[in-house]
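Some notes on the structure that comes next.
Just so you know, these numbers come straight off a predicted model, no measurement behind them. We number each residue from 1, following the sequence as shown.
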Amino acid sequence: MEKIMRSFFLSLAKSRRVGNLARKYGLRLGARRFVAGVEISSSIEAVKRLNKQGKMATLDHLGEFISAREEAEHSAAMCLQTLEAIKAAGADANLSLKLTSLGLDLDPALCERQMKEILALAGQNHNFVRIDMEDYAHCQPALDLFYKLRGSYENVGIVIQAYLRRSGQDVKQLGSMNSNLRLVKGAYKEPEKVAFPLKSDVDQSFVQLINQHLLSGSYTAIATHDRAIIEETKRFVQEKNIPSGQFEFQMLYGICEELQDELVREGYRVRIYVPYGEDWFGYFMRRLAERPDNVWFVLKNMWK
(Lines give C-alpha, C1' and ligand atoms only; values in the text may rest on other atoms or scores of the structure.)
Protein backbone atom coordinates (compact mmCIF):
# COMPACT_ATOMS: atom_id res chain seq x y z
CA MET A 1 0.00 0.00 0.00
CA GLU A 2 2.80 2.40 0.94
CA LYS A 3 4.55 1.76 -2.40
CA ILE A 4 1.31 2.46 -4.29
CA MET A 5 0.80 5.72 -2.41
CA ARG A 6 4.39 6.76 -3.09
CA SER A 7 4.02 6.14 -6.81
CA PHE A 8 0.71 8.00 -6.86
CA PHE A 9 2.06 11.14 -5.21
CA LEU A 10 5.26 11.11 -7.27
CA SER A 11 3.13 10.95 -10.43
CA LEU A 12 1.08 13.91 -9.24
CA ALA A 13 4.29 15.83 -8.50
CA LYS A 14 5.19 15.69 -12.20
CA SER A 15 1.78 16.83 -13.42
CA ARG A 16 1.78 20.44 -14.50
CA ARG A 17 -1.98 20.38 -15.08
CA VAL A 18 -2.74 19.18 -11.55
CA GLY A 19 -0.21 21.64 -10.15
CA ASN A 20 -1.89 24.55 -11.90
CA LEU A 21 -5.25 23.41 -10.55
CA ALA A 22 -3.86 23.20 -7.01
CA ARG A 23 -2.63 26.80 -7.21
CA LYS A 24 -6.23 27.96 -7.28
CA TYR A 25 -6.64 26.64 -3.74
CA GLY A 26 -3.43 28.26 -2.53
CA LEU A 27 -1.74 26.49 0.37
CA ARG A 28 -5.00 25.36 1.97
CA LEU A 29 -4.47 21.67 1.14
CA GLY A 30 -2.14 21.18 4.10
CA ALA A 31 0.96 22.48 2.33
CA ARG A 32 1.44 25.31 4.83
CA ARG A 33 3.08 22.82 7.13
CA PHE A 34 5.89 22.27 4.59
CA VAL A 35 5.99 25.53 2.58
CA ALA A 36 6.76 28.89 4.22
CA GLY A 37 4.48 30.84 1.88
CA VAL A 38 4.29 32.28 -1.59
CA GLU A 39 6.13 35.59 -1.08
CA ILE A 40 9.74 36.26 -0.05
CA SER A 41 8.52 38.19 2.98
CA SER A 42 6.79 35.09 4.35
CA SER A 43 9.92 33.01 3.95
CA ILE A 44 12.10 35.61 5.67
CA GLU A 45 9.71 35.70 8.62
CA ALA A 46 9.94 31.92 8.84
CA VAL A 47 13.74 32.14 8.81
CA LYS A 48 13.73 34.74 11.57
CA ARG A 49 11.65 32.41 13.74
CA LEU A 50 14.07 29.57 13.08
CA ASN A 51 17.08 31.75 13.85
CA LYS A 52 15.56 32.64 17.23
CA GLN A 53 15.37 28.91 17.92
CA GLY A 54 19.10 28.55 17.21
CA LYS A 55 18.65 27.11 13.73
CA MET A 56 20.13 28.20 10.42
CA ALA A 57 18.15 28.03 7.18
CA THR A 58 18.44 27.59 3.47
CA LEU A 59 15.82 29.29 1.30
CA ASP A 60 14.52 27.81 -1.94
CA HIS A 61 12.26 29.67 -4.35
CA LEU A 62 10.28 26.74 -5.76
CA GLY A 63 10.28 26.68 -9.53
CA GLU A 64 9.73 23.52 -11.56
CA PHE A 65 8.26 22.80 -14.99
CA ILE A 66 10.13 25.66 -16.70
CA SER A 67 9.09 25.76 -20.35
CA ALA A 68 10.11 29.24 -21.51
CA ARG A 69 13.17 31.46 -21.29
CA GLU A 70 11.14 34.14 -19.53
CA GLU A 71 10.28 31.70 -16.73
CA ALA A 72 13.93 30.79 -16.26
CA GLU A 73 14.89 34.46 -16.10
CA HIS A 74 12.13 35.09 -13.57
CA SER A 75 13.44 32.24 -11.39
CA ALA A 76 16.95 33.70 -11.52
CA ALA A 77 15.59 37.12 -10.57
CA MET A 78 13.81 35.58 -7.59
CA CYS A 79 17.05 33.94 -6.46
CA LEU A 80 18.78 37.33 -6.60
CA GLN A 81 15.92 38.95 -4.68
CA THR A 82 16.12 36.19 -2.08
CA LEU A 83 19.83 36.80 -1.53
CA GLU A 84 19.18 40.52 -1.12
CA ALA A 85 16.28 39.86 1.27
CA ILE A 86 18.49 37.62 3.41
CA LYS A 87 21.13 40.36 3.59
CA ALA A 88 18.60 43.11 4.36
CA ALA A 89 17.07 41.04 7.19
CA GLY A 90 20.42 40.02 8.63
CA ALA A 91 19.12 36.45 8.52
CA ASP A 92 21.28 33.38 9.05
CA ALA A 93 20.37 31.68 5.80
CA ASN A 94 21.79 30.69 2.44
CA LEU A 95 20.21 29.83 -0.90
CA SER A 96 19.24 26.52 -2.50
CA LEU A 97 18.13 26.24 -6.13
CA LYS A 98 17.37 23.78 -8.91
CA LEU A 99 19.21 24.15 -12.20
CA THR A 100 16.11 23.25 -14.22
CA SER A 101 14.41 26.33 -12.75
CA LEU A 102 17.21 28.42 -14.30
CA GLY A 103 16.72 26.89 -17.74
CA LEU A 104 19.10 23.90 -17.75
CA ASP A 105 16.82 21.95 -20.10
CA LEU A 106 16.06 24.96 -22.32
CA ASP A 107 19.49 26.51 -22.75
CA PRO A 108 22.48 25.28 -20.69
CA ALA A 109 24.41 28.45 -21.57
CA LEU A 110 21.61 30.60 -20.13
CA CYS A 111 21.56 28.46 -16.98
CA GLU A 112 25.33 28.86 -16.57
CA ARG A 113 25.21 32.64 -17.05
CA GLN A 114 22.44 32.97 -14.49
CA MET A 115 24.27 30.75 -12.01
CA LYS A 116 27.36 32.94 -12.32
CA GLU A 117 25.29 36.06 -11.67
CA ILE A 118 23.70 34.46 -8.61
CA LEU A 119 27.05 33.24 -7.25
CA ALA A 120 28.64 36.64 -7.82
CA LEU A 121 25.94 38.38 -5.79
CA ALA A 122 26.09 35.69 -3.10
CA GLY A 123 29.83 36.24 -2.88
CA GLN A 124 29.38 39.99 -2.48
CA ASN A 125 26.88 39.28 0.30
CA HIS A 126 29.20 36.71 1.94
CA ASN A 127 26.66 34.01 1.28
CA PHE A 128 26.54 30.48 -0.13
CA VAL A 129 24.49 28.75 -2.84
CA ARG A 130 23.55 25.07 -2.89
CA ILE A 131 22.63 23.32 -6.16
CA ASP A 132 19.82 20.87 -5.42
CA MET A 133 19.96 17.51 -7.14
CA GLU A 134 16.98 16.47 -9.24
CA ASP A 135 16.15 13.22 -11.03
CA TYR A 136 18.78 10.90 -12.50
CA ALA A 137 18.60 12.43 -15.98
CA HIS A 138 19.86 15.72 -14.52
CA CYS A 139 22.55 14.25 -12.27
CA GLN A 140 25.51 14.38 -14.66
CA PRO A 141 24.56 17.76 -16.20
CA ALA A 142 24.30 19.23 -12.68
CA LEU A 143 27.68 17.83 -11.68
CA ASP A 144 29.28 19.03 -14.92
CA LEU A 145 28.12 22.58 -14.28
CA PHE A 146 29.12 22.38 -10.63
CA TYR A 147 32.69 21.36 -11.55
CA LYS A 148 32.84 24.21 -14.04
CA LEU A 149 31.56 26.78 -11.54
CA ARG A 150 33.74 25.45 -8.72
CA GLY A 151 36.81 26.51 -10.67
CA SER A 152 35.85 30.16 -10.17
CA TYR A 153 33.54 30.20 -7.14
CA GLU A 154 34.20 28.83 -3.66
CA ASN A 155 30.69 29.63 -2.37
CA VAL A 156 28.87 26.87 -4.24
CA GLY A 157 27.91 23.37 -3.11
CA ILE A 158 25.83 20.51 -4.49
CA VAL A 159 23.70 17.56 -3.34
CA ILE A 160 24.42 13.84 -3.70
CA GLN A 161 21.67 11.22 -3.38
CA ALA A 162 22.53 8.01 -1.53
CA TYR A 163 20.06 5.85 -3.43
CA LEU A 164 21.99 6.23 -6.69
CA ARG A 165 24.50 3.49 -7.39
CA ARG A 166 27.00 6.00 -8.79
CA SER A 167 27.16 8.17 -5.67
CA GLY A 168 30.16 6.53 -4.01
CA GLN A 169 32.39 7.48 -6.92
CA ASP A 170 30.88 10.95 -7.12
CA VAL A 171 31.54 11.60 -3.42
CA LYS A 172 35.11 10.37 -3.81
CA GLN A 173 35.75 12.87 -6.61
CA LEU A 174 33.94 15.70 -4.84
CA GLY A 175 35.79 15.00 -1.61
CA SER A 176 39.13 15.27 -3.40
CA MET A 177 38.08 18.83 -4.32
CA ASN A 178 37.06 19.67 -0.74
CA SER A 179 33.49 20.23 -1.96
CA ASN A 180 30.70 21.30 0.38
CA LEU A 181 28.08 18.55 0.01
CA ARG A 182 24.57 17.98 1.21
CA LEU A 183 23.99 14.24 1.42
CA VAL A 184 20.41 12.93 1.15
CA LYS A 185 18.71 9.60 0.62
CA GLY A 186 16.85 10.72 -2.53
CA ALA A 187 13.21 11.41 -3.31
CA TYR A 188 12.69 10.60 -7.00
CA LYS A 189 11.40 7.37 -8.50
CA GLU A 190 14.26 5.75 -10.43
CA PRO A 191 14.78 2.34 -12.09
CA GLU A 192 16.77 -0.36 -10.26
CA LYS A 193 19.49 -0.08 -12.90
CA VAL A 194 20.60 3.25 -11.45
CA ALA A 195 19.16 3.24 -7.91
CA PHE A 196 19.02 0.86 -4.96
CA PRO A 197 15.45 -0.46 -4.65
CA LEU A 198 15.64 -1.52 -0.99
CA LYS A 199 15.55 0.92 1.91
CA SER A 200 18.19 -1.09 3.76
CA ASP A 201 20.62 -0.67 0.87
CA VAL A 202 19.88 3.05 0.64
CA ASP A 203 20.46 3.47 4.38
CA GLN A 204 23.76 1.58 4.17
CA SER A 205 24.88 3.71 1.22
CA PHE A 206 23.87 6.88 3.07
CA VAL A 207 25.95 6.06 6.15
CA GLN A 208 28.94 5.10 3.99
CA LEU A 209 28.77 8.37 2.03
CA ILE A 210 28.47 10.46 5.20
CA ASN A 211 31.51 8.78 6.74
CA GLN A 212 33.47 8.94 3.50
CA HIS A 213 32.94 12.65 3.02
CA LEU A 214 33.59 13.50 6.66
CA LEU A 215 36.90 11.62 6.54
CA SER A 216 37.92 13.61 3.46
CA GLY A 217 37.92 16.70 5.69
CA SER A 218 35.24 18.34 3.58
CA TYR A 219 32.17 20.15 4.92
CA THR A 220 29.24 17.75 5.14
CA ALA A 221 25.54 18.56 5.47
CA ILE A 222 23.65 15.45 6.59
CA ALA A 223 20.06 15.91 5.45
CA THR A 224 17.82 13.37 7.15
CA HIS A 225 15.04 12.87 9.68
CA ASP A 226 16.19 9.31 10.34
CA ARG A 227 17.13 9.21 14.02
CA ALA A 228 19.17 6.01 13.63
CA ILE A 229 21.38 7.60 11.00
CA ILE A 230 21.70 10.80 13.04
CA GLU A 231 22.79 8.78 16.08
CA GLU A 232 25.29 6.82 13.98
CA THR A 233 26.73 10.09 12.64
CA LYS A 234 27.05 11.49 16.17
CA ARG A 235 28.89 8.34 17.23
CA PHE A 236 31.18 8.44 14.19
CA VAL A 237 32.23 12.09 14.52
CA GLN A 238 33.00 11.54 18.19
CA GLU A 239 35.04 8.42 17.46
CA LYS A 240 37.02 10.13 14.68
CA ASN A 241 37.36 13.47 16.51
CA ILE A 242 35.73 15.34 13.64
CA PRO A 243 35.22 19.00 14.64
CA SER A 244 31.64 20.21 15.05
CA GLY A 245 32.30 23.03 12.58
CA GLN A 246 32.84 20.55 9.74
CA PHE A 247 29.28 19.29 9.53
CA GLU A 248 25.64 20.14 10.12
CA PHE A 249 22.33 18.34 10.24
CA GLN A 250 19.66 19.50 7.82
CA MET A 251 15.92 18.91 7.97
CA LEU A 252 12.85 20.06 6.12
CA TYR A 253 10.62 22.90 7.25
CA GLY A 254 7.71 21.58 9.29
CA ILE A 255 9.06 18.06 9.83
CA CYS A 256 10.51 16.51 13.02
CA GLU A 257 10.63 19.83 14.85
CA GLU A 258 11.21 18.14 18.22
CA LEU A 259 14.26 16.37 16.82
CA GLN A 260 15.52 19.66 15.38
CA ASP A 261 15.23 21.29 18.81
CA GLU A 262 16.94 18.35 20.49
CA LEU A 263 19.97 18.62 18.21
CA VAL A 264 20.20 22.36 18.82
CA ARG A 265 20.16 21.77 22.60
CA GLU A 266 22.97 19.26 22.18
CA GLY A 267 25.08 21.91 20.44
CA TYR A 268 24.93 20.63 16.85
CA ARG A 269 24.65 22.90 13.84
CA VAL A 270 21.12 22.55 12.42
CA ARG A 271 19.89 24.04 9.16
CA ILE A 272 16.27 23.98 7.98
CA TYR A 273 15.33 23.83 4.32
CA VAL A 274 12.66 26.52 3.84
CA PRO A 275 10.83 26.44 0.49
CA TYR A 276 8.52 29.19 -0.74
CA GLY A 277 6.86 30.32 -3.97
CA GLU A 278 3.90 29.70 -6.23
CA ASP A 279 5.24 26.41 -7.63
CA TRP A 280 4.80 24.58 -4.34
CA PHE A 281 2.72 21.63 -5.56
CA GLY A 282 5.45 19.31 -6.85
CA TYR A 283 7.49 19.79 -3.70
CA PHE A 284 4.42 19.14 -1.54
CA MET A 285 3.59 15.91 -3.38
CA ARG A 286 7.13 14.59 -2.89
CA ARG A 287 6.86 15.23 0.85
CA LEU A 288 3.63 13.22 0.94
CA ALA A 289 5.27 10.43 -1.07
CA GLU A 290 8.17 10.19 1.37
CA ARG A 291 6.23 9.80 4.60
CA PRO A 292 2.75 8.26 4.99
CA ASP A 293 2.36 10.17 8.27
CA ASN A 294 2.38 13.38 6.25
CA VAL A 295 -0.66 12.17 4.31
CA TRP A 296 -2.64 11.53 7.50
CA PHE A 297 -1.64 14.97 8.80
CA VAL A 298 -3.08 16.60 5.67
CA LEU A 299 -6.28 14.58 5.76
CA LYS A 300 -6.85 15.54 9.40
CA ASN A 301 -6.17 19.25 8.85
CA MET A 302 -7.40 20.10 5.37
CA TRP A 303 -10.87 21.09 6.62
CA LYS A 304 -9.69 23.16 9.58
Side-chain angles (χ1 to χ4, degrees), residues 46-60 86-87 89-96 122-123 125-133 146 150 153-162 167-168 170-186 202-274:
V47 170
K48 287 180 178 178
R49 290 193 296 272
L50 292 169
N51 289 169
K52 288 180 180 179
Q53 298 166 9
K55 305 167 191 174
M56 305 173 290
T58 184
L59 277 170
D60 184 359
I86 291 170
K87 180 182 179 181
D92 189 350
N94 57 35
L95 176 71
S96 292
N125 292 358
H126 306 288
N127 212 327
F128 175 84
V129 179
R130 174 86 62 190
I131 296 172
D132 284 334
M133 192 57 74
F146 171 77
R150 189 67 165 69
Y153 301 93
E154 292 289 331
N155 62 327
V156 61
I158 197 165
V159 176
I160 292 295
Q161 299 163 314
S167 292
D170 287 332
V171 169
K172 181 179 180 180
Q173 183 173 354
L174 290 159
S176 70
M177 299 168 56
N178 195 33
S179 301
N180 183 321
L181 295 188
R182 177 198 293 149
L183 299 175
V184 303
K185 290 188 182 182
V202 175
D203 288 351
Q204 181 179 8
S205 171
F206 195 25
V207 170
Q208 290 174 345
L209 295 180
I210 292 168
N211 296 350
Q212 178 182 337
H213 202 58
L214 286 168
L215 289 176
S216 77
S218 307
Y219 195 84
T220 309
I222 301 112
T224 184
H225 306 100
D226 189 326
R227 183 178 284 275
I229 288 176
I230 289 171
E231 292 300 324
E232 171 59 23
T233 299
K234 288 159 66 174
R235 184 201 63 77
F236 183 81
V237 297
Q238 184 174 20
E239 176 187 314
K240 301 299 182 181
N241 294 314
I242 293 170
S244 59
Q246 190 192 319
F247 68 96
E248 65 187 46
F249 292 108
Q250 294 192 357
M251 297 187 189
L252 299 175
Y253 182 74
I255 297 180
C256 293
E257 292 172 333
E258 290 184 4
L259 179 54
Q260 296 173 18
D261 294 336
E262 178 183 321
L263 290 169
V264 169
R265 288 194 299 271
E266 293 174 352
Y268 292 102
R269 293 166 60 85
V270 177
R271 188 179 304 275
I272 308 305
Y273 180 90
V274 181

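Put simply, the side chain of Arg271 never gets that close to the backbone of Ala221: no donor and acceptor are under 3.5 Å apart. Between the side chain of Ser205 and the backbone N or O of Ala162 there is at least one donor-acceptor pair closer than 3.5 Å. Without hydrogens or angle criteria, Gln246 side chain to Ser218 main chain gives a donor-acceptor distance under 3.5 Å.
The distance from the CD atom of Glu248 to the CD1 atom of Ile222 is 8.0 Å, given to the nearest 0.5 Å. Distance CG/Asp92 to OG1/Thr58: 11.0 Å, rounded to 0.5 Å. Annotation: the span from Ile272 atom CD1 to Glu257 atom CD amounts to 8.5 Å, rounded to 0.5 Å. Between atom CG of residue Asn180 and atom CZ of residue Phe128 there is a gap of 3.5 Å, rounded to the nearest 0.5 Å. In this structure, CD1 in Ile210 is found 13.0 Å from CD1 in Ile160, a value given to the nearest 0.5 Å. A distance of 7.0 Å separates CG in Asn94 from CD1 in Ile86, rounded to the nearest 0.5 Å.
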Worksheet entry | From CA spacing to verdict: side chain to side chain contact (heavy atoms under 4.5 Å, CB included), Tyr273, Ile255 | CA-CA 10 Å; Tyr273 180 90; Ile255 297 180; over 6 Å; no

Item to complete: Could you please spell out the steps behind the side chain to side chain contact (heavy atoms under 4.5 Å, CB included) verdict for Leu174 and Phe146?
Response: CA-CA 10 Å; Leu174 290 159; Phe146 171 77; 3.4 Å; yes

Worksheet item: Under the side chain to side chain contact (heavy atoms under 4.5 Å, CB included) criterion, do Glu262 and Glu258 qualify, and how do the steps go?
Response: CA-CA 6 Å; Glu262 178 183 321; Glu258 290 184 4; over 6 Å; no

Discussion item. Show, in sequence, the C-alpha distance, side-chain angles and deciding distance for Thr220 and Ile242, and conclude whether the side chain to side chain contact (heavy atoms under 4.5 Å, CB included) test is met.
Written reply: CA-CA 11 Å; Thr220 309; Ile242 293 170; over 6 Å; no

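Across all non-hydrogen atoms, the minimal contact from Gly123 to Asn155 is N-ND2, 3.2 Å. What you find for Leu263 and Met251 is that their closest heavy atoms are CD1-CE, 3.5 Å. The two atoms that bring Asn51 and Met56 nearest to each other are ND2-CA, 4.1 Å, heavy atoms only. Across all their heavy atoms, Ala57 and Val47 have their closest contact at CB-CG2, 3.8 Å. Among all heavy-atom pairs drawn from Gly217 and Asn178, the shortest one is O-OD1, 3.7 Å. When all heavy atoms of Ala93 and Asn127 are compared, the closest pair comes out as O-ND2, 3.1 Å.
Atom CD of Glu239 is surrounded by more than 12 heavy atoms from other residues, nucleotides or ligands within 6.0 Å.
Using a 30° and 60° split on the angle between ring planes, Phe247 and Tyr268 fall in the tilted class, from 30° to 60°.
Note on residues 174-186: pairs passing salt bridge (charged side-chain N to carboxylate O under 4.0 Å, His left out), not counting sequence neighbours, are Asp132-Arg182, Lys185-Asp203, Lys185-Asp226.
In this structure the side chain of Leu209 never reaches within 4.5 angstrom of the side chain of Leu181, judged on heavy atoms.
Ionic pairing of Arg235 and Glu232 is present here: one or more N-O contacts between side-chain nitrogen and carboxylate oxygen are shorter than 4.0 angstrom.
Evaluated for a side chain to side chain donor-acceptor pair (under 3.5 Å) with Gln260, the options Lys55, His225, Gln53 yield exactly one hit, Lys55.
Residues satisfying the side chain to side chain contact (heavy atoms under 4.5 Å, CB included) criterion with Gln208, sequence neighbours excluded, are Gln204.
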